[in-house]
Amino acid sequence: MHLSRYFLPVLRDTPKEAEIISHQLMLRAGMVRQSSAGIYSWLPLGLRVLDKIANIVRDEQNRAGAIEVLMPTIQSADLWKQSGRYEDYGKEMLRIEDRHEREMLYGPTNEELITTIFRDGVRSYRDLPRNLYHIQWKFRDEIRPRFGVMRGREFLMKDAYSFDLSEEEGRRSYHRMFASYLRIFARMGLQSIPMAADTGPIGGDLSHEFIILAETGESQVFCHQDLIDGAIPPIDLDYDGDLTPIVDKWTSLYAATDEMHDAAKFDAEVPSDKQVSARGIEIGHIFFFGTKYSEPLNCKVQGPDGTPVALHMGSYGVGVSRLVGGIIEACHDDGGIVWPVPVAPFEVGLINLKSGDAGTDGACASLYERLINAGIDVLYDDTGERAGAKFATMDLIGLPYQLVVGPMGVANGMAEVKDRKTGDKQEVPIDTVADTLIDRVKSQRILC
RNA sequence: CGGGGCAUAGCUCAGCCUGGUAGAGCACCUGGUUUGGGACCAGGGGGUCGGGUGUUCGAAUCAUCCUGCCCCGACCA
């Protein structure tokens, strides 16, 4: 992409409505614009990140055997009346009336809908287990939206729903998602920590919030130090195999958010030099709820003995749009955002220090072409801005690598590669710099 | 929903107290000088001062109502 033809409205000053760093940087880097409280438009740069995150989630969910569908944002109130949640959900649910005065709602989640879809498509226990997911916009009319995209009213979420014949089978489905989640976040450069969460009326031990640590996190969390660099399941993990060792390993050490925190237990189980007390951001939540929806919505199949059995279900959410903010909270410095390669809107920022100069124009054009042909996402700053402004903008939007081409370098056959994260600058012969970058970028596309 | 704050140019803000018809920096346009870490000079465009009502000869400024947004709290992926 040529910057001169792109839409990247960057801001030099920080808009005053933004309080936390990710919100400030997303506004400044031209990623989003607020449309109303907790509702955002995604500009080109932000959308690219959103898509990359969604694709990682998609890739890993598919790997774990989940199957993608797409349900609507608008749902009928009837369904929710059947499950009893139409009343329970309260004012957080945005209720709408259509022209025929039918009660509709903008979906805050999809348990009811997916349950009926699955119910109507399956008759036999032989069709189990299944896990269906979609990545769709949700709306929850939060009392007080804040923190930009991290706590918006409209948000993009991946939600998966598992269907099993028994609780035992359901537990296996839960474990698959547990392992998949560790990989999803690790692939974005985030170390997530599964923490025991409130299971609500169902009880049991099958509910975990996946938390990343960040100073601006909204909740206080407590955990064992060793979880912070716990081993991530490998890319070729066999999801049909026994995953309990992985889950056990991750859940054997203490980890809890403040509402589940037990100070006495924490002190007893975790040596004082391993005790971590920090702020955290919830980026995923998985839980098993048995037959809570399958019973009222009559989602049953015939079991081996011919009797109908209500299915055991779980649901598994990832806050896709929230992750954009979450990653920035975890990955920034004074100059701006520092994207991990797998989610970077562009992988390389090519800077022509003297647009209009035949030498740099030619060198940049050929470098751009080679990178693009190799499948690298490149943003080429071919504008007439001064060098300093170009550097500042590139740092702000946080592309992992900057490839700097100036008249002096071209004269010597050299270009400069800057690593955004470390700040290291390296002079590389202009003939080989494209290959060097291609290798470096590709080696970092999947971090685990 | 309770408490607090803000609303003037695309962004950051001054002007308001003490009423006299709107400013700065950055951004943008034109010309020139510049050109390796957010340049400089000159000229220029852009605002029904969030909206209504009232007070007044006259309101960005005073009064009042409304709306929007932000922060703290309870609530949440």
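In what follows, chains carry the letters A, B, and so on, assigned in the order in which the sequence lines appear, proteins first and then strands, with residues in each chain numbered from 1. Heavy-atom basis, side chains included; hydrogens, waters and symmetry copies ignored.
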Next on the checklist: Closer than 4.0 angstrom, basic N to acidic O: yes or no for Glu154(A) and Lys138(A)?
Outcome noted: no
Checklist entry - Are any of the side-chain nitrogens in Arg420(A) or Asp333(A) under 4.0 Å away from the carboxylate oxygens of its partner? => result yes
Checklist entry - What residue among Arg58(A), Lys158(A), His134(A) forms side-chain hydrogen bond (donor to acceptor under 3.5 Å, both in side chains) with Glu68(A)? => result Arg58(A)
Checklist entry - Which whole-number value in Å describes the distance from Lys16(A) NZ to rA14(B) C1'? => result 13 Å
Candidates [options] - which lies nearest the side chain of [X]:
X: Asp395(A); options: rC11(B), rC69(B), rG37(B); answer: rG37(B)
X: Phe155(A); options: rA7(B), rA77(B), rC11(B); answer: rA77(B)
X: Glu17(A); options: rU12(B), rG37(B), rG36(B); answer: rU12(B)
X: Pro15(A); options: rU12(B), rA77(B), rG38(B); answer: rU12(B)
X: Ala37(A); options: rA77(B), rC70(B), rC75(B); answer: rC70(B)
X: Glu218(A); options: rC76(B), rA77(B), rC11(B); answer: rC76(B)
X: Arg28(A); options: rC69(B), rC1(B), rG38(B); answer: rG38(B)

Checklist entry - Quantified in whole Å, what is the C1' atom distance between nucleotide rA60(B) and nucleotide rU8(B)? => result 7 Å
Checklist entry - Which whole number of Å gives the distance between the P atom of rG47(B) and that of rU67(B)? => result 28 Å
Phosphate oxygens OP1/OP2 of [N]: is one of them under 4.0 Å from a side-chain N or O of [X]?
X: Gln34(A); N: rG68(B); value: no
X: Arg144(A); N: rC72(B); value: yes
X: Arg146(A); N: rG73(B); value: yes
X: Arg12(A); N: rA27(B); value: yes

Item to check | More than 12 heavy atoms from other groups under 6.0 Å of CD on Glu167(A) | outcome: no
Pairs: protein N or O with nucleotides 29-34 of chain B N or O, under 3.5 Å:
| residue | atom | partner | partner atom | Å |
| --- | --- | --- | --- | --- |
| rU34(B) | O2 | Arg386(A) | NH1 | 2.6 |

Checklist outcome for this item: In short, Thr115(A) meets Cys299(A) closest at the heavy-atom pair CG2-CB, 3.5 Å
Item to check | Phe391(A) ring over rG36(B) six-membered base ring, under 5.5 Å and 30° | outcome: no
Item to check | Distance-only donor-acceptor test (3.5 Å): side chain Glu385(A), base rG38(B) | outcome: no
Checklist entry - Do Lys425(A) and rG36(B) have a side chain to base donor-acceptor pair shorter than 3.5 Å? => result no
Next on the checklist: Only pairs with both distances under 3.5 Å count, Watson-Crick or wobble alike; so what is the partner of rA42(B) in this structure?
Outcome noted: rU30(B)
Next on the checklist: Under a 3.5 Å threshold, yes or no: a donor from one side chain and an acceptor from the other, between Glu111(A) and Thr109(A)?
Outcome noted: yes
Checklist entry - Are Asn62(A) and Tyr133(A) linked by a side-chain donor-acceptor pair shorter than 3.5 Å? => result yes
Next on the checklist: Any heavy-atom pair between the side chains of Ile376(A) and Glu347(A) that's under 4.5 Å?
Outcome noted: yes
